[in-house]
Amino acid sequence: MARRAPTPRPLPAPARPDAPPLWALPAVLALALVLRGLRLMADLPVVGDESIYLRWAEIITGQGGWFVSLLDGKPPLSYWLYAAARLLSDDPLLGPRWISVLAGTATTAAVCAVGSALRNARVGLLAASLYAVLPWAMLYDRLAYTESLVNLGGAVVAWLSVRLVRQEPPSGTAAAAVGLALGLALFTKTTALLYAPAPLLAALTVGKASWREWGPKLALVCAIAACFPALSAALTPEAPQLADHSALLHKTHFFVTPAELLSNPTGRLGENLPLLLEFLGAYLSWPLLLAAVGAFVVLVRRRDPAAWFLLGLSALPMLAEALLLTRFFSRYPFPHAWPLLVATALAADALWDAPRLRTPVRAGSAALAALLLTMSLRIVYAPQAGMAWADSTYYFSDSPAAGWGLEQVVAAVRQEARGGPVLLLTDPIWGTPADALFAYLNGRDGVRVAEAWWLEADPNAPLIPGREVEVWRSHYERTPGGSIDFSRYRAVFYATVTNYRRPEEVAARAPGARRVLSVPKPGGAQSLDLYRLR
């Protein structure tokens, strides 16, 4: 009987030229995580808005005020996360900063997903590699600011939007996922509204299905996403509102008025455009910015529709911010920087294997990554020198927002509380030092922190009234929150910054006060002072 010839084994499929090795993305994510976690608590103490967010976390865990942030026009999701982190660490700042680190690492993966969905895995990896070492991220993926979460939400919305419109026909499940991602981003911060056009942009530029197919799916996206702002509006606590409060805009004076916008639409560009260019140069680098501009030129010439999608996610929001904002911080345009990296990666991929351009494109990509890494390490190890000038003068200054001296005050009050209950009075003013002192000390180690609201109500009121006084729940929710019986405390302290109250004013309101600690702030003559009143 004739023997049957053995069935030949199929040869393994050749590796796709655009497919990176399996270890590449985990290595990029590990790099992103390590860089963001380096020296996380060094050099830069808690700063203004961080202290406000930590205070809200303290109110959530201590008073059950789950929606206190809505009184400031801020959706609550990120502060719920900070409150959960507060329960896991004795340092109220450490957990929230780690949330930003993890959000930044997740954004690295989301940027990879966007690039992969638009073109291929190589584009995704190139874009993720640039984001992993992006200097801008070394600032805001490390501070306890909500921008890291907004950035993550925007990248996820963009990725899911591309997936939705690339389906033929687009599915209701994919549309629901986009709506949920956008809704959660809006439940983190209302500035995520700048990503609300992403599904429509994707449909108009990179979509495959017809209007008839994806139109109802976009309506579903909007319906699901709109539930979250509606929930915020319904759950806002009843409390007196500040005159400039806005449930949508946070603070109305942060934005130009409609009348100003109609009379002079470009009036703010003279102030904001130089700041934006400063931020782009300091945190993207001019070589990368020029590469991004060149990338858009390449993509437009190749009629790549992804160019218009990415421009809509980056340039248009940045322009809107520069036109509308009266206060322009670098954290506002940060969530719109990563599309520039994806565009750069798309153009690099298009030229990656071109015979004449292969070497300069690959060498240029490596040089850009090395430059960004160097700039990022400078921000990590020498933040004052590595930041943009506008940020350096904000974080390393003698302004009330700079949290210098808080560590020493917290340690001194805790030491004193070992001998019995201590009351620490603060100014009822947003940010540092008051909010940070609540986050670190209130209800811990025998210390009660209270806002001396009577100082604002009466210019002649003594620091320690001669009677029991009623207090607010907080200066965010100005409703009754108990009382202070000064006789119950073995020692009474008062912490302030000289920006608010000079020593002579403290002496006038408390003649027997003794300044036990004074910590100078950098960049000037102001200090954080701790007084013993009794």
Side-chain angles (χ1 to χ4, degrees), residues 41 45-48 50-59 61-63 86 89-96 400-455 462-465 469 471-475 481-503 505-507 509-510 512-521 526-534:
M41 303 296 287
V46 60
V47 295
E50 279 190 313
S51 67
I52 294 172
Y53 304 157
L54 299 187
R55 174 76 187 282
W56 290 342
E58 185 265 334
I59 291 172
T61 57
Q63 301 179 19
R86 178 181 174 84
S89 173
D90 290 335
D91 188 332
L93 181 61
L94 179 62
W404 304 94
L406 284 166
E407 182 179 354
Q408 294 91 322
V409 168
V410 167
V413 174
R414 282 179 175 165
Q415 177 67 27
E416 185 66 34
R418 292 181 179 180
V422 166
L423 174 66
L424 175 64
L425 300 177
T426 70
D427 301 299
I429 300 176
W430 296 37
T432 51
D435 285 330
L437 291 172
F438 268 91
Y440 275 92
L441 290 171
N442 192 36
R444 296 185 174 189
D445 304 316
V447 179
R448 178 181 179 181
V449 185
E451 294 159 339
W453 60 267
W454 51 91
L455 299 180
L463 268 165
I464 300 183
V469 295
V471 294
W472 297 320
R473 287 172 60 87
S474 71
H475 59 268
S483 62
I484 299 176
D485 180 356
F486 291 90
S487 65
R488 294 182 52 199
Y489 298 95
R490 184 184 61 82
V492 180
F493 290 87
Y494 171 58
T496 188
V497 286
T498 52
N499 312 71
Y500 297 149
R501 304 205 188 277
R502 308 293 302 179
E505 183 180 354
V506 176
R509 293 193 183 227
R514 178 168 57 94
R515 187 162 60 172
V516 296
L517 185 64
S518 181
V519 183
K521 290 175 176 282
Q526 309 295 341
S527 63
L528 172 61
D529 295 342
L530 178 67
Y531 297 87
R532 182 159 188 161
L533 307 181
R534 196 186 68 200

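This one's a predicted model, so the numbers in the text were calculated from it and none came from an experiment.
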Exercise. Can any side-chain N or O of Lys521 pair as donor or acceptor with the backbone N or O of Leu528 at less than 3.5 Å?
Worked result: no

Exercise. Residues two or more places apart in sequence or in another chain: which of them pass salt bridge (charged side-chain N to carboxylate O under 4.0 Å, His left out) with Arg514?
Worked result: none

Exercise. With under 30° as parallel and over 60° as perpendicular, where do the rings of Trp454 and Phe486 fit, or are they tilted in between?
Worked result: perpendicular

For this session: Verify, without hydrogens or angle tests, whether Thr432 (side chain) and Gly403 (backbone) share a donor-acceptor contact under 3.5 angstrom.
Result: no

Exercise. Can you tell me if Asn442 uses its side chain to pair, donor with acceptor, with the backbone of Phe438 under 3.5 Å?
Worked result: no

For this session: Carefully, step by step, assess Glu416 and Arg490 under the rule side-chain contact (heavy atoms from CB on, under 4.5 Å).
Result: CA-CA 10 Å; Glu416 185 66 34; Arg490 184 184 61 82; 3.0 Å; yes

For this session: Quick one: closest heavy-atom pair of Ala417 and Val447, and the distance?
Result: CB-CG2, 3.6 Å

Exercise. Which residues pass the salt bridge (charged side-chain N to carboxylate O under 4.0 Å, His left out) test with Arg448, sequence neighbours left out?
Worked result: none

For this session: Could you list the residues that satisfy side-chain contact (heavy atoms from CB on, under 4.5 Å) with Glu505, not counting sequence neighbours?
Result: Arg501, Arg509

Exercise. Within the distance-only criterion (no hydrogens, no angle test), does the side chain of Ser51 pair as donor or acceptor with the backbone N or O of Asp435 below 3.5 angstrom?
Worked result: no

For this session: Return each pair, listed once, that meets side-chain hydrogen bond (donor to acceptor under 3.5 Å, both in side chains) where at least one residue sits in residues 405-414; pairs must be two or more places apart or across chains.
Result: Arg414-Asp445

For this session: State whether the side chain of Thr61 and the backbone N or O of Glu58 hold a donor-acceptor pair below 3.5 Å, judged by distance alone.
Result: yes

Seminar exercise, completed: What one should report as the nearest heavy-atom pair of Leu455 and Pro462 is CD2-O, 4.3 Å

For this session: Would you check if there is a donor-acceptor pair between the side chains of Asp529 and Ser527 at a distance under 3.5 Å?
Result: yes

Exercise. Excluding sequence neighbours, so at least two apart, what forms salt bridge (charged side-chain N to carboxylate O under 4.0 Å, His left out) with Arg488?
Worked result: none

Problem set entry | Short side-chain donor-acceptor distance under 3.5 Å, Asp91 and Tyr440 | yes

Exercise. Looking at residues at least two apart in the chain, or sitting in another chain, which of them share a salt bridge (charged side-chain N to carboxylate O under 4.0 Å, His left out) with Glu451?
Worked result: Arg55

